Visitor: 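Can you read through this structure? Questions will come right after.
Every number for a ligand or one of its atoms is a count from 1 in the order of the listing. Along the sequence shown, residues carry numbers from 1. Bear in mind that the values here come from a model prediction, so they are computed numbers and not experimental data.
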Amino acid sequence: MLRCALLLLATCALLASAQFPRECVTPEGLRSGRCCPTPAGLENDPCGATAGRGLCVPVAVDARPHGPQYPHDGRDDRERWPVRFFNSTCRCNGNFSGFNCGRCRHGFTGDNCDQRVSVVRRNVMQLSADEKLAFVSALDQAKRTVHPDLVIAMRRFQEIFGPDGNTMQFENITIYNYFVWSHYYSVSKTFLGAGQASFGGVDFSHEGPGFLTWHRFHLLQLEQDMQDMLQDPSFALPYWDFAIGGSTCDICTDDLMGARSSFDMNSLSTNSVFSSWRVICESVEDYDTLGTICNSTESSPIRRNPAGNVNRPMVQRLPEPQDVAACLQVNTFDTAPYYSTSDESFRNSVEGYSAPQGNYDPAVRSLHNLAHLFLNGTGGQTHLSPNDPIFVLLHTYTDAIFDEWLRRHSPDSAVYPDENAPIGHNRGYNMVPFWPPVTNAEMFVTAQDNLGYSYAAEWPAQPFTVTEIITMTIVAALVVVAVVFAATTCAVRAKSRREGHQPLLVDQYQRYDDDKSQSVV
Ligand SMILES: *[C@@H]1O[C@H](CO)[C@@H](O)[C@H](O)[C@H]1NC(C)=O
Ligand SMILES: *[C@@H]1O[C@H](CO)[C@@H](O)[C@H](O)[C@H]1NC(C)=O
Ligand SMILES: *[C@@H]1O[C@H](CO)[C@@H](O)[C@H](O)[C@H]1NC(C)=O
Ligand SMILES: *[C@@H]1O[C@H](CO)[C@@H](O)[C@H](O)[C@H]1NC(C)=O
Ligand SMILES: *[C@@H]1O[C@H](CO)[C@@H](O)[C@H](O)[C@H]1NC(C)=O
């Protein structure tokens, strides 16, 4: 009891907050609603204002209406994020960035943040043996290294000051577990009170246009945290090209994400470091009935059984390369109701609730969703999925497809809906639970020019569109007519002269037709 009390006191003295900077989550800090720390190396200079780095300003929140999926108001800490916790933040000048303006925007470096830097995200299968080992070791280090700046909330805001009103309910968390926790927090249900069922119709990071922008920032933050941890600004997250068809998980080997255990279909081989990882955020029933929040306590090992869902043959195969090619051709970024039911929406296609070609079909699970479901285990359950490190590689590839779509279609920013998307997904909404505030719009830009990273990727050839097929059919028909005409003429002439052999022409004509029908399939 005494030890508990001391521990709580110690935690309190060290000031933690919901993934907020450690130094902001003091009782006074939260009561003031202000989180404008001084950058390292400066003295009592919030946001480095006197050094010209930034200013402490009121947080701007999205005031536009959201879609009808979330009917409650005032019941969830994530509404109008993040003002339930803080309403003042640093706004940084120029290329400065970070919660205290102490660092540079993505893509910039140097004391004045005026030098451009860019990293290249590569296919994980094409890394050398040394690079694979370095990546796996870096993930393992991130799983064990306490996040240098951020702490997580273990309670809803209502209970955040603790039973005595002064014991802040925040705690330290490791870099990788923070990555898991932030995903959990964004998808968790709305607690409506003891004895009442929690409301599950919210998801601040899926089933809406923010799916792509949210996961993009999520990865950028992990990449940056790992660069800092490794003190290597060139560190880049690789990607998994999951659109390879078939039922083999090519990255499920001990030099990458871990092979299958020979003793248990659902476990990882003990030759993989990931077999010793333990998951967080597993106690969903507790959270939903007690109104608590996932904390940093680790529980069971990662479960994974690639292609193992015998009850659902549809998810026993990975997406095909042409699925990627097809979704890249969907012209509209997202369509009303900007939800998992959207038809002819690029976002809904790559997320995987509609066919890759864009047509909405409730029975379909494709691309991103299919790759998750294929894993049949930890990586296939939304509240837990980042616990399986495959999540990182699966999402960098999803982000690569998004970036390729942005590159090909050069959309105006207005293409991203500014209202009536599900809560959390409007263009100007601050993505939950990130701090400092960052909107969906800020991630709706090409990565290379704006965010300091790019993908080394080759894209599958595009399948033909209906118009192209019709055109080719007409051309082919004309060619056939011409060839038949020519052949007949030649044959008649040849015969009329002497006897010749001309099976060549007929052969050629047939080969052409075969080739065409093959490429159209
Ligand atoms: C939390 O992490 C910080 C930074 O590593 C450390 O100084 C502090 O002692 C930790 N607090 C607790 C309660 O473990
Ligand atoms: C900011 O939040 C604090 C604490 O909740 C509150 O006292 C203050 O009035 C708020 N300020 C604004 C401008 O909303
Ligand atoms: C960021 O740095 C680049 C490169 O030095 C510079 O051209 C640009 O003006 C800077 N951006 C801002 C907003 O200061
Ligand atoms: C952390 O989560 C575990 C699992 O749900 C729970 O048993 C424990 O009480 C939580 N810790 C705190 C301090 O809430
Ligand atoms: C994995 O597959 C089994 C067998 O088909 C199924 O019962 C189970 O629900 C699946 N688990 C997950 C997490 O997908």
Side-chain angles (χ1 to χ4, degrees), residues 1 3-37 40 46 55-63 74 77 79-91 99 141-165 167-178 180-181 184-185 188-189 191 198 225 228-229 278-300 383-384 387 430 435 437:
M1 192 61 213
R3 263 182 39 198
C4 266
L6 283 176
L7 199 74
L8 282 175
L9 271 175
T11 317
C12 172
L14 284 160
L15 326 164
S17 166
Q19 98 310 328
F20 293 107
R22 195 172 281 114
E23 55 213 282
C24 288
V25 298
T26 59
E28 313 76 63
L30 267 171
R31 287 198 181 100
S32 71
R34 197 178 137 101
C35 178
C36 291
L55 274 184
C56 187
V57 299
V59 168
V61 296
D62 177 43
D77 290 343
E79 293 170 23
R80 310 179 71 237
W81 183 261
V83 296
R84 187 67 51 90
F85 293 88
F86 291 105
N87 55 19
S88 289
T89 184
C90 288
R91 186 180 63 212
F99 65 85
Q141 191 182 338
K143 180 77 175 177
R144 290 179 284 106
T145 305
V146 172
H147 199 292
D149 309 317
L150 302 179
V151 289
I152 56 157
M154 301 186 288
R155 292 290 184 272
R156 287 170 297 114
F157 185 77
Q158 209 180 359
E159 298 173 355
I160 206 72
F161 291 90
D164 64 358
T167 312
M168 305 312 291
Q169 301 293 297
F170 291 95
E171 67 176 358
N172 278 342
I173 191 159
T174 69
I175 289 170
Y176 195 87
N177 283 345
Y178 164 69
V180 180
W181 182 92
Y184 163 78
Y185 191 81
S188 59
K189 294 184 179 179
F191 184 67
S198 288
D225 288 344
D228 292 353
M229 174 190 80
R278 296 293 178 266
V279 309
I280 65 163
C281 303
E282 211 174 16
S283 314
V284 240
E285 264 141 54
D286 280 8
Y287 316 141
D288 293 347
T289 54
L290 305 173
T292 54
I293 295 178
C294 159
N295 62 46
S296 66
T297 309
E298 298 184 343
S299 48
S300 34
H383 66 286
L384 287 178
N387 279 295
N430 296 312
W435 181 271

Visitor: Less than 2.5 angstrom apart at the SG atoms, yes or no, for Cys294 and Cys281?
Guide: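 Cystine link detected, SG atoms below the 2.5 Å cut.
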Visitor: Nearest to atom 7 (O) of ligand 2, what protein heavy atom do you find, and at what distance?
Guide: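 Here the nearest protein heavy atom works out to Arg31 O, 4.4 Å.
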Visitor: Nearest protein heavy-atom contact for atom 11 (N) of ligand 4: which residue, which atom, what distance?
Guide: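 The closest heavy atom on the protein side is Asn295 ND2, 2.8 Å.
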Visitor: Considering the heavy atoms of Asn172, write down every atom of ligand 1 situated less than 4.0 Å from one of them.
Guide: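 Numbered from 1, ligand 1 contributes 1 (C), 2 (O), 3 (C), 8 (C), 10 (C), 11 (N), 12 (C), 14 (O).
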Visitor: Does an N or O from Tyr287, backbone or side chain, lie closer than 3.5 Å to an N or O of ligand 4?
Guide: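 Between Tyr287 and ligand 4 (N or O atoms, distance only) the closest approach is not under 3.5 Å.
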Visitor: Taking only Lys NZ, Arg NE, NH1 and NH2, and the carboxylate oxygens of Asp or Glu, determine whether Lys143 and Glu298 approach each other closer than 4.0 Å.
Guide: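 Yes.
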Visitor: For His147, is the nearest heavy atom under 4.0 Å from an atom of ligand 1?
Guide: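 Per 4.0 Å heavy-atom rule, His147 does not contact ligand 1.
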Visitor: Please report whether the SG atoms of Cys90 and Cys36 are separated by less than 2.5 angstrom.
Guide: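 Their SG atoms do not fall under 2.5 Å; no disulfide, then.
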Visitor: What's the verdict on ring-ring contact (aromatic ring centres under 6.0 Å, His included) for His147 and Tyr178, showing C-alpha distance, side-chain angles and the deciding distance?
Guide: CA-CA 8 Å; His147 199 292; Tyr178 164 69; 5.5 Å; yes
Visitor: Is atom 9 (O) of ligand 2 touching the protein, meaning some protein heavy atom lies under 4.0 Å away?
Guide: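 No, no protein heavy atom sits under 4.0 Å from atom 9 (O) of ligand 2.
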Visitor: For atom 3 (C) of ligand 2, which of the options Val59, Val83, Leu30, Asn87 provides the nearest non-hydrogen atom?
Guide: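 Minimum heavy-atom distance to atom 3 (C) of ligand 2 goes to Asn87.
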Visitor: Show me which atoms of ligand 4 lie under 4.0 Å from any heavy atom of Arg155.
Guide: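 Answer, ordered by atom number: 14 (O).
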Visitor: Which pair of heavy atoms, one from Asn430 and one from Ala60, lies closest together, and at what distance?
Guide: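 Smallest heavy-atom distance, with atoms named: ND2-O, 2.9 Å.
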Visitor: From atom 14 (O) of ligand 4, is the closest protein heavy-atom distance below 4.0 Å?
Guide: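 Within 4.0 Å of atom 14 (O) of ligand 4, protein heavy atoms are found.
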Visitor: Heavy atom under 4.0 Å from ligand 1: found in Glu171's side chain, backbone, both, or neither?
Guide: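 The answer is neither; Glu171 stays 4.0 Å or more away.
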Visitor: Could you tell me if any non-hydrogen atom of Ser32 lies under 4.0 Å from any atom of ligand 2?
Guide: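 Contact present.
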Visitor: Which one holds for Pro58 and ligand 2: side chain close, backbone close, both close, or neither close, with close meaning a heavy atom under 4.0 Å?
Guide: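 It is neither; nothing of Pro58 touches ligand 2.
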Visitor: Taking a cutoff of less than 4.0 Å between a non-hydrogen atom of the residue and any ligand atom, is Gln169 in contact with ligand 4?
Guide: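 False for this residue.
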Visitor: Just to check, does Asp286 reach to within less than 4.0 Å of ligand 4 when the distance is taken from its heavy atoms?
Guide: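 Contact present.
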Visitor: Is the contact between Glu282 and ligand 4 made by the side chain, the backbone, both, or neither, using heavy atoms and a 4.0 Å cut-off?
Guide: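 For Glu282, no heavy atom sits under 4.0 Å from ligand 4.
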Visitor: What protein heavy atom lies closest to atom 5 (O) of ligand 4? Include the residue and the distance to one decimal.
Guide: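 Looking at atom 5 (O) of ligand 4, the protein heavy atom closest to it is Ser283 OG, 3.1 Å.
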Visitor: Please find the pair of heavy atoms, one from Arg22 and one from Val146, that lie closest to each other, and give the distance.
Guide: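 Reported closest heavy-atom pair: NH2-CG1, 3.9 Å.
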Visitor: Any salt bridge between Glu28 and Arg31, counting N to O under 4.0 Å?
Guide: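 Salt bridge: no.
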Visitor: Do the cysteine sulfurs of Cys35 and Cys24 sit under 2.5 angstrom from one another?
Guide: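 Yes.
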Visitor: Roughly how far, to the nearest 0.5 Å, is OG1 of Thr89 from CZ of Phe20?
Guide: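 Rounded to the nearest 0.5 Å, the CZ-OG1 separation comes out at 9.5 Å.
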Visitor: Please determine if Asp77 and Arg156 form a salt bridge, counting it only when a charged side-chain N lies under 4.0 Å from a carboxylate O.
Guide: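 No, Asp77 and Arg156 are not salt-bridged.
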